[in-house]
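Just so you know, ligand 1 is whichever comes first in the structure, and atom 1 is the first atom listed for that ligand.
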Amino acid sequence: MDNKLLEIENLKTYFFTDSGRVPAVNGVDLFIREGETLGIVGESGCGKSVTSLSVMRLLAHTPGRVVDGSIRFAGMDLLSLPESKMREIRGNEIAMIFQEPMTSLNPVYKIGDQIGEAVRLHLKYDKKKARERVIQMLKLVGIPRAEEIVDEYPHQLSGGMRQRIMIAMAMSCEPKLLIADEPTTALDVTIQAQILDLMRKLKEERGTAIMLITHDLGVVAEMCDRVVVMYAGKVVEEADVFDIFENPKHPYTQGLLHSIPKLRRKTERLQSIPGNVPTPGNMPSGCKFAPRCSHAMDVCREQEPDLLQIASGHRCRCFLYQNDLAKEA
Ligand SMILES: Nc1ncnc2c1ncn2[C@@H]1O[C@H](COP(=O)(O)OP(=O)(O)OP(=O)(O)O)[C@@H](O)[C@H]1O
Ligand SMILES: [Mg+2]
């Protein structure tokens with residue numbers, strides 16, 4: 001248990017907008033062990049991306065700010081590091097790939113120069129050595145004609161190729177942690193499978209830990225060791241992947257699993273649980289899921305349950321089980 005690479009405790013990230021304070025992440029607790037893949041799932045707006053941006057400290061250009069909690073990574077307190085040190089960690093020790101590769105590739109730089117710049121900065125390689133490394137990385141992620149592609153621009157490549165380039169760039173400095181925020185959502189199914197294979201291979205060969213954010217429970221089943229389920233800015237359940245699918249405890253997780261569409265379309269969202277995620281201005285006072293929960297009791301509308309361990313490696317934020325625990329005690 002002490003091989004935790006990333007540990008987030010009571011993270012609160014709020015946006016301060018003209019229309020008020022938005023508690024996007026409101027007390028998130030999670031950890032990732034070295035070399036493991038943690039899936040983060042939950043409906044749109046529950047705070048998955050904001051959690052990852054908080055880890056990367058990429059909120060500076062938004063009205064968002066971490067207001068409480070701690071983020072520890074490899075023995076460092078990320079929230080208190082100076083920006084210069086954080087810049088070294090970004091890309092070097094923690095890399096991130098986003099849903100839309102085009103937004104994070106610079107259109108005016110050749111592929112080789114973009115990845116090469118990261119390599120030169122982080123691994124302190126000279127230009128020639130960096131270029132060789134880039135070609136090697138492009139081959140590793142299955143880019144054909146790597147020697148030619150290094151001299152091409154992002155717009156000359158297909159979406160699937162660009163996402164491979166992003167992965168090559170993310171992996172080129174051999175990060176300890178890769179954060180992948182919906183890395184395959186924008187891609188068609190065949191390319192999606194190839195990219196997932198690639199991430200799995202990199203994990204196995206290099207022992208990279210992965211934080212995989214996705215709304216696709218099929219991807220979770222295929223890729224993840226452990227799963228965190230988020231709802232309204234908090235973790236509501238955490239368990240190993242087998243338990244999440246075979247023995248889901250939180251009524252929200254159970255709802256998500258029921259909502260897996262039979263014929264999965266790539267744009268399908270998890271939305272067949274009746275009702276909607278509460279809006280920040282309209283947060284229920286007790287359990288945030290209570291208004292949509294068919295098991296809700298009086299206590300659920302009055303108090304917010306804690307995230308408690310209900311079995312080995314299995315945590316759940318629900319009074320259904322806390323009452324059981326109370327009875328046993
Ligand atoms: N730049 C911003 N300014 C104001 N509010 C924001 C900003 N970015 C995110 N939020 C708010 O933070 C909350 C969480 O957003 P986040 O992007 O983390 O959701 P998500 O779980 O990643 O959803 P999705 O599955 O759609 O990607 C949302 O309610 C959103 O409105
Ligand atoms: Mg998101």
Side-chain angles (χ1 to χ4, degrees), residues 6 8 10-30 32 38-69 71 95-104 163 166 170 178-187 192 210-220 223-224 227-238 250 252-253 255-257 259-261 264-273 275-284 288-289 291-292 317:
L6 178 78
I8 300 177
N10 191 34
L11 179 70
K12 295 187 179 172
T13 304
Y14 294 177
F15 289 90
F16 297 88
T17 67
D18 294 343
S19 45
R21 198 187 68 164
V22 181
V25 170
N26 206 7
V28 159
D29 294 283
L30 63 85
I32 302 182
L38 177 78
I40 302 188
V41 298
E43 281 161 298
S44 192
C46 71
K48 304 181 297 293
S49 294
V50 173
T51 299
S52 62
L53 293 174
S54 304
V55 172
M56 293 295 272
R57 286 196 13 200
L58 289 174
L59 291 161
H61 301 292
T62 73
R65 186 153 53 81
V66 173
V67 296
D68 201 1
I71 303 176
M96 183 155 177
I97 47 180
F98 300 88
Q99 179 172 341
E100 262 305 323
M102 211 45 198
T103 55
S104 25
Q163 195 61 306
M166 283 306 301
L178 175 67
I179 300 179
D181 190 352
E182 307 265 11
T184 59
T185 309
L187 306 174
Q192 180 174 331
I210 303 174
M211 180 195 278
L212 179 58
I213 297 172
T214 178
H215 65 272
D216 188 332
L217 291 167
V219 169
V220 170
M223 297 285 295
C224 298
V227 184
V228 152
V229 180
M230 283 184 63
Y231 190 78
K234 285 190 164 76
V235 173
V236 295
E237 187 160 4
E238 177 218 310
H250 199 287
Y252 177 63
T253 312
L256 281 186
L257 290 166
S259 76
I260 299 177
R264 191 147 32 91
R265 273 176 283 139
K266 80 180 174 80
T267 51
E268 198 108 35
R269 288 264 154 183
L270 301 164
Q271 56 190 189
S272 59
I273 303 170
N276 292 309
V277 181
T279 54
N282 212 359
M283 277 291 166
K288 306 300 171 246
F289 187 61
R292 297 170 78 186
R317 188 188 289 281

Inset, instruction - Return the orientation label for the Y252 and H250 ring planes: parallel under 30°, perpendicular over 60°, tilted otherwise. - result: perpendicular
Inset, instruction - Would you indicate which of F16, F15, Y14 comes nearest to atom 1 (N) of ligand 1 when only heavy atoms are counted? - result: F15
Inset, instruction - Select the closest option to atom 12 (O) of ligand 1 among S44, A24, S19, A232, judged by heavy-atom distance. - result: A24
Legend entry - Distance-only N or O hit between ligand 1 and P63, under 3.5 Å: no
Legend entry - Any N or O of K48 closer than 3.5 Å to N or O of ligand 1: yes
Inset, instruction - Assess G64 for proximity to ligand 1: is some non-hydrogen atom of it under 4.0 Å away? - result: no
Legend entry - G42 touching ligand 1 at heavy-atom level, < 4.0 angstrom: no
Inset, instruction - Please report the closest heavy-atom contact between G47 and V25, naming both atoms and the distance. - result: O-CG2, 3.5 Å
Inset, instruction - Please could you name the atoms of ligand 1 that S49 approaches to less than 4.0 Å, counting only its heavy atoms? - result: 17 (O), 18 (O), 20 (P), 22 (O), 27 (O)
Legend entry - Atoms of ligand 1, numbered as shown, that sit under 4.0 Å from any heavy atom of G45: 13 (C), 14 (C), 19 (O), 20 (P), 21 (O), 23 (O), 24 (P), 26 (O), 28 (C), 29 (O)
Inset, instruction - Give, for atom CD1 of I213 and atom OG of S52, the distance between the pair rounded to the nearest 0.5 Å. - result: 4.0 Å
Legend entry - Check: M230 main-chain N/O paired with K234 side-chain donor or acceptor under 3.5 Å: no
Legend entry - Residue pair I40 / L212, side-chain heavy-atom distance below 4.5 Å: no
Inset, instruction - Answer yes or no on whether R65 is positioned over the face of F16, meaning its NZ or CZ is under 6.0 Å from the six-membered ring centre and within 45° of the axis. - result: yes
Inset, instruction - May I ask you to check whether S49 brings an N, O or S atom to under 2.8 Å from the Mg ion (ligand 2)? - result: yes
Legend entry - Ion pair check, R292 and E43, cut-off under 4.0 Å: yes
